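Everything below concerns the one structure shown next.
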Amino acid sequence: MHVRELDLADLDAAWDLGRLAFGNTSERAASTRIVVPGMTRWGAFDDAGRLVGKAVDLHHDQWWSGRAVPAADVAGVAVAPEARGRGVARAMLIALLRGAHVRGAAVSALYPTVAAPYRACGWEAAGVLRTINLATSALPRHRPAAHLSVRAATPADLPAVTGLYERVARHRNGMLTRRGELFDFFAADGGLPGDGLTLVEADGELVGYATWQRGRGYGADSVLTVDEALATTAEAARELAGVLASWASVAPTVRLCPLDGDAVSTYLPLESAREHERDLWMHRPVDVARAVSARGWPVHARGVVDFHLSDPLAEWNTGTWRLAVADGAAELTRIGGEADLRLHVRGFALLYAGAARARSVAQAGLLHTTGVAPDALDLLGAGGPAQLLDYF
């Protein structure tokens, strides 16, 4: 088996493999026939030169406490049925990790169809993207605020929408920046997303937006799908909730992905929500030193801890490290000798993403100690849990 980057001559076979693996019946997109900037396509070939596996490295950046961290987010992993169980996916993921490391990526996220193969390669479950259904009639109605205006967007408003998303996302952990060549490529047509984009403004400044898909019909099974609803003020959040509530007579259900703790979610009747879908996502460091130094850290976090890290697929991560955190920044430095705390890369992923504390990681067998409490490694998770709002 041989793994390499795909070229243009391979893209037809890659699309056919993806269609077979994922049961895709939609029309083939033009982007599957050309080189797309900000994307590296990998393929595995058998001895006869037949494509038997594919994987895509998306050159994203992720927000981590106010700083953009370069990522290698993984998508489109597929293996031909005749080649499954023979190490094809593992070989592709190793090649993808090495290529991502060379180009400067620090972290990686993916949405698995099955977790076990990715766990075997160092990724670990770190969160869930939830899609919920709400009864439209249960959304709060209120008298519109006199100092706010609500209108439909035009293409000229898209930079302001992007700016508002960034104001909401940049101080969280794990959210995509939606910057870079890949996003620029798909935004090049300048068209509005979905069927509608509703804006809320205060004195001409954008303070909230919702983009939505109308769906079909107006009966009991009609659903208004809200791709995204974000606000930077409580008043704007109430206004958006009221706009969505106005669909009750023709769309009895609103479907959306709530962002934990944001302004809009605090005005939704989440107690009556019914889960529509759960998409598990997994995290992994590509380069642990970069992952630590590139991100922001809480200014109140301070401390030093030594640990040994094992990463079977990325030897550049394996070794004994000293983590030092102070004044909103951190650094990993290689040191000699052994350490009382021995951490597996999957445990590093859990701690870094704020998905677990050190004692839980130890109970899971991903952190071993020699006579010391593991709590010092909670420092690696300072800053709260990561969250994703984009599916890829």
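Heavy atoms only: backbone and side chains are in, while hydrogens, waters and symmetry mates are out. Keep in mind that what you see is a predicted model, and the values were worked out from it rather than measured.
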Cluster partners of Val102, using ILVMFWY side-chain heavy atoms under 4.5 angstrom, listed by chain and number? none

For [X], enumerate each residue passing the ring pair (Phe, Tyr, Trp, His ring centres under 6.0 Å) test, keeping only those at least two apart in sequence or located in another chain.
X      : value
His308 : none
Phe392 : His60, Tyr111
Trp247 : Trp212
Tyr267 : none

Going by atom types only, do Arg274 and Asn133 share a side-chain donor-acceptor pair under 3.5 Å? no

Ring center gap for Trp123 and His344 short of 6.0 angstrom: no

Between His101 and Trp316, is the gap from one ring center to the other below 6.0 Å? yes

Name all residues meeting the side-chain contact (heavy atoms from CB on, under 4.5 Å) criterion together with Arg86; count only those two or more places apart in sequence or in a different chain, and write none if there are none. none

Just to verify, what does Leu164 make a side-chain contact (heavy atoms from CB on, under 4.5 Å) with, not counting sequence neighbours? Arg167, Val168, Leu206, Tyr209, Leu230, Thr232

Pi-cation contact, Tyr165 with Arg178 (under 6.0 Å, within 45°): yes

Test: Arg295 cationic atom under 6.0 Å from Trp297 six-membered ring centre, within 45° of axis: yes

Residues that [X] engages under salt bridge (charged side-chain N to carboxylate O under 4.0 Å, His left out), provided they are two or more places apart:
X      : answer
Asp279 : none
Glu277 : none
Asp260 : Arg130

Could you tabulate the donor-acceptor pairs under 3.5 Å formed by side-chain atoms of residues 347-357, not counting sequence neighbours?
| residue | atom | partner | partner atom | Å |
| --- | --- | --- | --- | --- |
| Tyr352 | OH | Ala291 | O | 2.6 |
| Arg357 | NH2 | Asp378 | OD2 | 3.1 |

Nearest heavy-atom approach of Leu192 to Ala153 is CD1-O, 3.5 Å

Determine which pairs satisfy ring pair (Phe, Tyr, Trp, His ring centres under 6.0 Å) with at least one residue from residues 217-236, sequence neighbours left out, and list them in order. none

